[in-house]
Engineer: 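Can you keep this structure in mind? I'll have questions shortly.
Every chain is numbered from 1 and lettered A, B, ... according to where its sequence line falls, protein lines coming before strand lines. The figures that follow rest on heavy atoms only: side chains count, while hydrogens, waters and symmetry mates do not.
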Amino acid sequence: MSVTLTAMSDSTVTSSQQQWLGPGQMPRPSRGPYISVITNRTTNLLIRGALLFSVGVFLALVLNLLQVQRNVTLFPPDVISSIFSSAWWVPPCCGTASAMIGLLYPCIDSHLGEPHKFKREWSSVMRCVAVFVGINHASAKVDFANNVQLSLTLAALSVGLWWTFDRSRSGFGLGVSIALLATLATQLLVYNGVFQYTSPDFLYIRSWLPCIFFAGVITMGNIGRQLALYEYKFIQEKTHQD
Amino acid sequence: MTLREQLREKISAAFYRHGLLCASYPVPIILFTSASILTCCYPLLRLPLPGTGPVEFTTGVRDYSVPSHEPQGDLGERPDWYRGPPVAYIQQVLVKAAVSPWDSSLVTVDVFRSPLGRAFSLLEEIRNHVHSDSLETLCLQVTDLFPGLRRMQSVLPEHGCLLVSPGNYWQNQRELFDSDPDLLKTIQKHEPQRPAELKHLLFGVPGKYTGVSHYNKKKVVTYTMTLVLSRYDARFLGSLRARLKQLHPSANCSLRDDHMVHVHFKEEIGIAELIPLVTTYIILFAYIYFSTRKIDMVKSKWGLALAAVVTVLSSLLMSVGLCTLFGLTPTLNGGEIFPYLVVVIGLENVLVLTKSVVSTPVDLEVKLRIAQGLSNESWSIMKNMATELCIILIGYFTLVPAIQEFCLFAVVGLVSDFFLQMFFFTTVLSIDIRRMELADLNRRLPAEAGLPPPKPGPLRTREAPPPPRPSPHTITLQTPAFRNLRLPKRLRVVYFLARTRLAQRIIMVGTVIWIGILVYTDPAGIRTYLAAQVSDQSPLGDPGGGGLPPHLGVAPVFRGGDPTSTLGINPAPAPTPIPDNQSQGHHGSSRVGPLPEAPPPSVPQITWGAEDEEGWRRLSFRHWPSLFSYYNITLAKRYISILPVIPVTVHLSPQEAIETRHPQDTKHPPPSIPKVAADIQTDLTLYKVAALGLAAGVLLVLLLFCLYRVLCPRNYGQNGVTHGRRRRGDLPCDDYGYSPPVSEISPLLLRGHSMDIECLASDGMLLASCCLAGQIRVWDAQTGDCLTVIPNHGLRRSSSSGCWEQRDGWESVSGAAETECLGSEAHGSSISGDGLSEGEGYPLRRRTAPSRPTLFTDQPDLTPLIDTNFADQPPSHLCTPPREGFDFGGLVERAYMEHEPPSASTAGTQATADWESSVWAMELRGNLIAAGRSSGKLELWDAVEGSLRCINEDGVSGITALAFLNNRIVAARLNGSLDFFTVEINKPLGLLQYRGAPGRGSMPPSPCYSSEDVISCQLTRSVQCAHQKPITVLRAAAGRVVAGSQDHTVRVYRLEDSCCLFTLQGHSGGITAIYIDQTMVLASGGQDGAICLWDVLTGSRVSHVYGHRGDVTSLVCTTSCVISSGLDDLICIWDRSTGIKLYSIQQEVGCGASLGVISESLLVTGGQGCVSFWDLNFGDLLQTVYLGQSSDGQGVRQLLVLDNAAIICDFGSELSLVYVPSVLEKLD
C-alpha cells in the first residue's frame, strides 16, 4: 500500500512540478543560538564531506582492484601494493568527486524545492551500493560477446539503478552531466598519456566507462541525500527544542 | 469495477484466506515448509562445495594420450578443461617401511630412523633409473624458488628435477641424516614458518599417517617420494615401476594402477580478489542490518530478523537446488554472486508484511490480524514481484550466459522466496504476534502492577513495558505505579535470566551438542571397529582360502597359528601383476626366525588398503598448487595428471635398525609406549563408556524435558484469552465470504433525526446537530445520550407583547412557569422571573433524559398539518430535498411541537415564515447554540434546556456561516455582509447571592450561562458589502475572523473591533475552504484547486500550490503539514513549511471530502459509509471503520474531531460517534 501511495504521490509531484512558484519560505524562528546553528551546519557539512570522501576512496580502491585483471599467484608478495596498483592520485580524485557529488545532490534538491522522498532508508542505500558494486563486478568479470553488448547491458543496468533507487529528474540530469564530464576528463587524461586502458574501444577509453560513472554518481548522490537527511532531522529537532 | 480492481480484490481475498490458514495451523505449516526446503536443497548434496575445490577426471592409463587442444565433439563426459597437456605428471612412490619383527630392545626412534634412511637408497635408485631416457630428461625442471621463500632453499630442490621426499630434510644426503641426532627436531624445525605444509609436501601423506613420531603404535612409517614429470613416457614409468616392485615387492598389495586422475584447479582467490568479495559481503550485512532494524513492535525482534534472513537464504538454496535438479549446474562462482542475489531478492517484502501486520488493531484475534495484514499488502507484494520478475526476464534476454544464469537463479529464487514468505515467514510472524499478545495481556493486568511476578522463576516474567510516548490522546493502560517501578539491577538480571530461560536453553543446547558428538563419534568408531573385525575375520570364513593372508591386521588370537607357511604358500591375489614374488618369500623366511621368540603383538604389519590407492586425496586440495607455487607456477585453471602410485614395502630387520641408530637416540628417555595388547581392551572400555554416556545423555534429556514440562505451563500457547468477540459472520461479508478488514471500533450511532443532518457543531462536551427538518438535537459527546431536542416549531410569537414565548412541551420541569420574554427590537431584557428552577443545579451536567411528553393528557391538534398554503413556501429552500413532503414523521413531530392550545390561533399567520426558514449555520459554545437561519435571524438557544435565549432579527439576508468565539458571534450573510454580534450576559442580581459561582471558574473560556442569566445579543457592527459575492466560509480563531467568499478573496478581520485587516488575493476561484488555528496559520483553498498559505500577521502569502483538479473541499493543518481534500477525491498532504507535497491518497470516487486530524500523525477521513484512519507519517491506511451494515449510498459529509479522541460524523440521518482508542494505542 505504502509503495503504491508513494508511487502515486511521486507521479503527481512530477505532474505538478511545473506549477511551483518557488520554494516556500516559512519564517525561521529567529531566536535561539544562531551561531551554534551555523557552526553545526558547517561541522555537519564537513562531517558529511569527510564521510563521502572516505566512502569514495574506499569504493575506488575496491573497484579498481576489481578492474585490474591479472594472473593470481598464490603468494603474491605485493598484495598491499596491488591494492594500490593504480596511481596514487586516483583514489583521492574519486573521493573528492564523490564528496562533491554527495553534497551537491541534497543542495540541488533543496534549491529546486523538491526534497527527495523516494525510499529514504539506509537499507535502500545499501542496496543501491550493492547494485553499484555488482555493476562494476559484471563489467570486470562477466565475459561479454562484444563491447557493444557490454556497454548496452551496463547502460540498462545503470538506468535501472536510477529507476529503482532515485527516480528524480534532477538526479538523472546531474548523473548524466557528471558522467559526461568525467568521461571527457578521462579521455583527456588518456590522450595526454597519464594512463591508458588495455583495449580502448571508445576513442581512448572503454565504452562502458560513462555507465559506470553514471551509476556511481547516482549511488553517491543517494548516500549524500541520506546523510543530508540526518542533518535535516537534526536541525528540525533543534528547532523543536528551541 | 475494472479488471484491475477485480484482480486486486481477488488477490486480497486469497491472501486473507491464506493468512487465516497460516495463523490457524502454524506448526504443520512450518513442518511442511521445512520439509519442502530440505527437499529442494537435497540436490545440493551432489554439488561440489562452492569455492575453488579442484575437479577430477579419471582416465585409463593404458590408452592414455595427451589430449589435444581442440575440443572434440563426441566426448560427452570429458570435461572442457581436459585439453592440451597437463602442467605436470605426478608420480608418487608410496613407501611403507617397518622394522620387523619389533624387538623389545628397540627404542622408539628406531621406528622411523631406519625406515627413513631407506629413502636415500630409494632415491638413488629412482634417480639413476634409465630406460631409453633418464629421469633428468623427463622430469619437470625447476629453477629458482619463489623470491619470498629463501628459507626453504635448503629443503626444496632448486635448479633441477622436482623430486621431493623426506630426504630433502637432509639435502638428500645420507651422511647428514646419519649424523642428525634428533630427526624429529629437524622435521619440526621448518614447521613454524609454514605450518604443517612442508611436512606434507615432503612426506606426501598427512602428518598423522606418516608414523614419524615417538608414539607410533603401528610402528609402520609411511612416506612418499613425489616425482614431477613434464612429459609422459609410459615405458620409462613402466620400467621404473617394475624395478621398484622388484626391489621392494609389496606383498598382497592390491592397489589398482590402471587409472590416472587429472585434477583441474580453479582460479585461486587471492587476497586481492578477496577484498571486493569481502566488501560486497560487508555491504550485504549492512543491508540486512538496516533492513531488519526496521522490524518493530513485535515480540522478538531478533527472532523475526533471523526468520527473515532464513527466508532469504533458504530461498537461495532452494533456487540453486531446484536448478540443479533440473540439470542446470551452476557455473558461476557461488560466493561472488550470492550477495547480489540476496540484494535482488531483498528483504523488503518481509518487512512490509511485518509492518502491515503489526499495524492492524492489537485487540483483534491473531488470525484476523495476520489475515488483514496480508490482505492489505497483497496487492503491492504481487505488483512488486511481477515487476521484479519482468526486470529479471529482460535481463534474461541479454543473451550473456553469465547474466542469463544469474537471472535464472534470481527468478527461481524470487518464486521460492515468495513461497517461503507466504508460508514460513507468515507463520513465524503469527506465532510471534501471538506471543506478543500474551505478553500484552500480562502487561495489562493492573493488579499485577508493582507486585513481583506471581509465579516463580522459569515462568515468563514480562519486561517492564516501554514508557508510553507522550501523545495528546494516548490512552495509557498501565497504572503509574508500574511505570515508576525500578527494579534493582540484581533482580533485573535474575528476571532477564528467567525471561530468556538462558540457563535451561544453554543446558539443552549443551546436551544436544554432547549427544551429537557422542552419536557422531561412536557409531563411526563402532563401524570402523566392526569393519576391521569383518575384514579380519573374513578369510576364516573363506572356504577356498585355506589360510590367512598376512597382510591383514590379524587379531593376535590368530597370530600364533601358522603364519609363515601361509606366507610362503599363499601370496595374496593381486589384480596387478607383481613382477617378482621371490623377495616376498625372502621376507617371509626372514621373519621365520624371529617369530617364535617375538611376542605376537609386536610384529608391525604393513597393510595396503584402498585408501593408499589415492593417498594424495587425504592431503589438502591446496597441496599441489602450493608445491607448484613455490616455483611460481600457477595451477589456476590448469590441470595436473596424477599417475597411479607405486607401492614400495620395506621391511627392516632389528639389526639394521640398531645399526643405523644414532648414538643419541638411546639417550632419549623412552616414552611410555602404550601396550599394544591393551589396545583392544581400551577400545572396548571406550565403547562401554560411550554407551553409558549415551544412555545417561538420553536420561538427562528426558529429565530436563520433564522438568521443563512441570515447571512451564505447557499451554501458554493456547490458553490465552480467546478473542472470540467477533466472528466472521457478524461482519458485512461479500458473496465470496471475504469480509472487509475487521474493526473492533464500533461506532456509536446517534439516532433521532428524521432527515439528513445539515449542521453539526460541538465544543467538546456537547454536540449539537441540526437536520434538514430544522430540528436541533443536543447530545452528550461522551456518552452519546440525547440531552435536548429543540424542535423547529416550538417557537411562538406572541404578537401582542412583542415577546417570544417559548413553551416547551418536553420540559416538564420548566413547564411550570418558565417563560422568557426578550425584547426583540430594543435588545433590552425583561425578566419574567422564575427563580423556581433553582433546584436544578447545573443544567450542563444534567444527565437525566428529559421526561417524555405527556402526550395523552395533551393531545395535539393535527389539523395544521393540512397545510394548503403552498404559495407561502419560500423559494429559498436551497438545501431542502423534495422528499420532505413524504416525511410524515417530521410533520407529525412538528405537529406535536405546534400543539400549543392557547396561542395557536394567533400565531398562525405570523409563524409560517419562521417555520420554513431553515437553519443554515450553527455554532455551539458553552451551552449556547447559535443558529443562523435562512431568514436572516440569529437565534441563541440554551443547549441543555432547549430554551430560546435570545434572537436577533437585524438582518434579512440568510446567514450562511457563523463563527462563535468567546462572546462574539460573527455571521456571514448571503448578500456578502458580515455582522458582528456581542453576547452579553446579565446575571439577575437577586440570584447572585444564592448561586455564587461554584465550580464555574473551572470552565474553559467558553462561557457557561445559567438559565437565569439574561442573555442579549447585540449587533455591534455590520460590515455591509464585506464581499461582493456570498460569503462561503467563515472561520474564527486567535482573535481573527477570516471570511472567504466567491469573489476570490479572503478577508481577515479583527474580532474585537471588527476592523478589516487584510484582503488576501491570490485565488482565481471562489474560496471553498479555510483553516485557521491558534498559531495564526491561515490556509485557504479555492475552486481553482489552489491552496494558499498566508501569514496572518503580515498578510503575505507564504506559499501557493495547486493540488487538486477541482474545488478544494476541506483543509486541515497540523504543526508540520497541511492536509487538503478536493473534489477529485484526492487527499494531499503538504509540508507546511516548504509547501511541498509529501504524498497524496487517492480515495474512492464520490466519497466524502471531510477531514479531521486526531493527533499529529493520525488523520481521519470520511468515505462512503465509513471513516478511515490514516497514518500521516507514511500515508498508510490504519483502519477503516464501517458505520453501518449497508455501506453504500451515504457518504460522510461532515466530520468533527472532539477533544477526547472521538470523532463525530454524520451518516445520513444518523450521527456516528466513533472512539478511536485502538488506533491511538498503535501510536504509543
Side-chain angles (χ1 to χ4, degrees), chain A residues 1-6 8-10 12-13 16 19-27 58-59 61-63 65-66 68 70-77 79 82-83 113-115 117 121-127 129-131 133-134 136-138 141-145 149-150 152-153 156 160, chain B residues 146-148 267-273 275-276 279-280 283-284 286-287 290-291 294 336 339-340 343 346-347 352 356 376-377 379-380 383-384 391 398-400 402-403 625-626 629 632 634 636 1093 1095 1102-1107 1136-1146 1178-1181:
Chain A
M1 177 60 77
S2 62
V3 176
T4 50
L5 281 179
T6 43
M8 278 193 301
S9 67
D10 211 66
T12 41
V13 160
S16 63
Q19 295 158 350
W20 288 99
L21 294 183
Q25 296 285 330
M26 277 302 276
F58 178 69
L59 280 182
L61 287 176
V62 168
L63 299 180
L65 210 58
L66 265 180
V68 175
R70 85 207 100 87
N71 270 346
V72 181
T73 47
L74 247 169
F75 299 109
V79 173
S82 73
I83 293 179
E114 31 180 300
K117 293 282 175 189
E121 284 159 348
W122 274 111
S123 62
S124 159
V125 172
M126 282 300 146
R127 229 180 165 185
V129 174
V131 172
V133 175
N136 274 278
H137 206 128
K141 284 281 177 70
V142 178
D143 301 320
F144 284 85
Q149 198 184 22
L150 172 65
L152 284 182
T153 312
Chain B
F146 203 74
E267 196 172 355
E268 286 287 339
I269 293 191
I271 299 169
E273 298 228 330
I275 290 172
T279 312
T280 54
I283 294 172
L284 174 71
Y287 168 63
F290 283 119
S291 298
K294 289 187 291 186
E336 276 179 21
Y340 303 123
V343 165
L347 290 163
V352 165
S356 162
N376 282 348
E377 287 303 327
W379 182 244
S380 72
K383 217 168 64 176
N384 280 350
I391 290 174
T398 50
L399 301 178
V400 181
I403 292 183
S626 54
S629 72
N632 207 4
T634 177
L1093 287 177
D1095 185 4
V1102 176
S1103 64
H1104 178 237
V1105 295
Y1106 286 93
R1136 187 159 132 180
S1137 53
T1138 58
I1140 291 156
K1141 176 146 81 176
L1142 301 179
Y1143 56 88
S1144 58
I1145 303 168
Q1146 179 70 55
F1178 304 103
D1180 289 344
L1181 178 63

Engineer: Evaluate the side chain to side chain contact (heavy atoms under 4.5 Å, CB included) criterion for residues B:Tyr340 and A:Val133: first the C-alpha distance (whole Å), next the side-chain angles of each, then the deciding distance (0.1 Å), finally the verdict.
Structural biologist: CA-CA 9 Å; B:Tyr340 303 123; A:Val133 175; 3.4 Å; yes
Engineer: Only pairs of heavy atoms separated by less than 4.5 Å count here; which of A:Val125, A:Val129, A:Leu59 has the most with chain B?
Structural biologist: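 Looking at each of A:Val125, A:Val129, A:Leu59 in turn, A:Val129 comes out on top.
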Engineer: My understanding is that only one of B:Val343, B:Ile283, B:Leu284 makes a side-chain contact (heavy atoms from CB on, under 4.5 Å) with A:Arg127; could you say which?
Structural biologist: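 It is B:Val343; the other options fail the test.
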Engineer: When heavy-atom pairs shorter than 4.5 Å are enumerated against chain B, which of A:Ala156, A:Gly134, A:Gly160, A:Ser124 gives the highest number?
Structural biologist: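 Among A:Ala156, A:Gly134, A:Gly160, A:Ser124, the one with the most close pairs to chain B is A:Gly134.
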Engineer: Checking A:Glu121 now: which residues fulfil side-chain hydrogen bond (donor to acceptor under 3.5 Å, both in side chains) with it, not counting sequence neighbours?
Structural biologist: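 Residues passing side-chain hydrogen bond (donor to acceptor under 3.5 Å, both in side chains) with A:Glu121: B:Lys294.
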Engineer: Measure the spacing between CG of A:Asn136 and OG1 of B:Thr280 and express it to the nearest 0.5 Å.
Structural biologist: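 Taking CG in A:Asn136 and OG1 in B:Thr280, the distance rounds to 12.0 Å.
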